[in-house]
Asker: 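Structure provided below as structure tokens; questions to follow.
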Amino acid sequence: MIINHQGKTKELPMDLVLWTGENHSIRWTKDLKFQHNQQGQLIGSPTLQLAGYPNVFVLGDLAEIRDIEGNRSPAKAQATFQQAPCAARNI
């Protein structure tokens, strides 16, 4: 994947990219052997790491992210927009 950030272009190797443009979980993600909430979202930590799999990051509508105080991140585009740079820094 090629990204352009602040006028700099960089190529990042990756195995898989998921995109969800809906406000509900993708059906097949419910079959994955990871922790899910009642809506089928994957459970992530405040660092956006998938519960039990620190080398996998989840964000946006696909994930339920709670901060250290237990507050849930809203499933809104604005929250996802804020989560993306956090995930990039943590990776």
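Only a predicted model underlies this, so the values are computations on that prediction, with no experimental measurement involved.
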Asker: Within a strict 4.5 Å, meaning less than it, do heavy atoms of the I43 and F34 side chains meet?
Answerer: no
Asker: Can you list every pair that meets ring pair (Phe, Tyr, Trp, His ring centres under 6.0 Å) and has a residue in residues 65-91, with sequence neighbours left out?
Answerer: none
Asker: If the condition is side chain to side chain contact (heavy atoms under 4.5 Å, CB included), which residues does Q78 pass it with, not counting sequence neighbours?
Answerer: K76
Asker: Look up atom CD in E64 and atom CD in Q39, then write down how far apart they are to the nearest 0.5 Å.
Answerer: 7.0 Å
Asker: Between Q41 and D61, is there a donor-acceptor pair closer than 3.5 Å when you use the side chain of the first and the backbone of the second?
Answerer: yes
Asker: Can you list everything that forms a side chain to side chain contact (heavy atoms under 4.5 Å, CB included) with A84? Sequence neighbours excluded, please.
Answerer: L59
Asker: Give every residue pair that meets the side-chain hydrogen bond (donor to acceptor under 3.5 Å, both in side chains) criterion with at least one member in residues 45-60, sequence neighbours excluded.
Answerer: S45-T47, T47-Q49
Asker: Which pairs with one or both residues in residues 82-91 pass side-chain hydrogen bond (donor to acceptor under 3.5 Å, both in side chains), sequence neighbours excluded?
Answerer: S73-Q83
Asker: With sequence neighbours left out, which residue pairs that include part of residues 57-77 fulfil the ring pair (Phe, Tyr, Trp, His ring centres under 6.0 Å) condition?
Answerer: none
Asker: Could you check if a side-chain atom of L48 sits within less than 4.5 angstrom of a side-chain atom of V58, using non-hydrogen atoms only?
Answerer: no
Asker: Report the C-alpha distance between H36 and L42 in whole Å, list the side-chain angles of each, state the deciding distance to 0.1 Å, and finish with yes or no for side chain to side chain contact (heavy atoms under 4.5 Å, CB included).
Answerer: CA-CA 5 Å; H36 295 83; L42 298 169; 3.4 Å; yes
